[in-house]
Amino acid sequence: MEISGKIIAVLPLATGEGRNGTWRSQDYVLETYDQYPRKVCFNLFNDRIDQFPMAIGDDVTVSFDIESREWNGRWFTTIRAWRVEKKEQKAPEATAAPADVIPPFGAAMGGNDGSDLPF
């Protein structure tokens, strides 16, 4: 599954010890671009945290799996991301000066250093 939006929160890194060694988990909150935006919290685990660095304001498309598990009679759902693609941020375009703007004094004569005086 995939979802696109803007990262609006980066939650604190969680670490711990498991039977397979140390683990790391990082949660992010994404807000969609729908007419009625939804907020979705997803998770990156271990090496994927370093593989897909993100910051607040990044526009991303997240590929993920959803998994639910039961513990003590309660159910918990995790949205685990396995790929994150950042959308390219467009650089601001340079704007050309309008043609009817009068150039500053000296610009029409080649500069302001005084060496191109017309007299």
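One-based numbering along the sequence shown.
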- Query: Taking all atoms of both residues into account, what is the closest heavy-atom pair of Gly73 and Glu70, and its distance?
  - Reply: N-OE2, 2.5 Å

- Query: Near Asp47 CG, under 6.0 Å, is it more than 12 heavy atoms from other residues, nucleotides or ligands?
  - Reply: no

- Are any non-hydrogen side-chain atoms of Asp50 and Arg24 less than 4.5 angstrom apart? yes

- Message: Counting C-beta onward and ignoring hydrogens, is there a side-chain heavy-atom pair between Met54 and Val60 closer than 4.5 Å?
- Response: yes

- So which heavy atom on Trp23 is nearest to which on Gly18, and how close? CD1-N, 3.9 Å

- Mind listing the closest non-hydrogen atom pair of Leu44 and Ala81 along with its distance? CD2-CB, 3.5 Å

- Query: Should Leu11 and Cys41 count as side-chain neighbours, where that means a heavy-atom distance under 4.5 Å?
  - Reply: yes

- Message: Quick check: Phe42 with Tyr28 (ring centres under 6.0 Å apart)?
- Response: yes

- Query: Is there side-chain contact between Val62 and Leu30, with at least one heavy-atom pair below 4.5 Å?
  - Reply: yes

- N/O donor-acceptor pair under 3.5 Å between Arg80 side chain and Asp65 backbone: no

- Query: Do Val10 and Ile56 pass the side-chain contact (heavy atoms from CB on, under 4.5 Å) test, and can you show the C-alpha distance, the side-chain angles, and the key distance before you say yes or no?
  - Reply: CA-CA 7 Å; Val10 178; Ile56 293 174; 4.1 Å; yes

- Item | Residues Lys6, Glu31: salt bridge by 4.0 Å N-O rule | no

- Task: Check step by step if side-chain contact (heavy atoms from CB on, under 4.5 Å) holds for Phe64 and Ile3.
- Result: CA-CA 8 Å; Phe64 61 91; Ile3 192 166; 3.7 Å; yes

- Message: One thing to verify: whether Lys86 and Asp58 come together as a salt bridge, which I'm taking to mean a side-chain N less than 4.0 angstrom from a carboxylate O.
- Response: yes

- Taking the side chain as every heavy atom from C-beta outward, state whether Thr61 and Val84 have any pair of such atoms under 4.5 Å apart. no

- Message: Assigning hydrophobic clusters by single linkage (Ile, Leu, Val, Met, Phe, Trp, Tyr; side-chain heavy-atom cutoff under 4.5 Å), is Ile49 placed with Val40?
- Response: yes

- Message: Between Glu85 and Lys87, does any side-chain N to carboxylate O distance fall below 4.0 Å?
- Response: no

- Side chains of Asn43 and Ile79: does their closest heavy-atom pair fall under 4.5 Å? no

- Message: For Ser63 and Glu2, which I'm curious about, is there any donor-acceptor pair between the side chains at under 3.5 Å?
- Response: yes

- Query: Considering only heavy atoms from C-beta outward, does the side chain of Phe52 approach that of Arg83 to under 4.5 Å?
  - Reply: yes

- Message: With no hydrogens and no angle check, just 3.5 Å: does a side-chain donor-acceptor pair link Arg69 and Thr77?
- Response: no

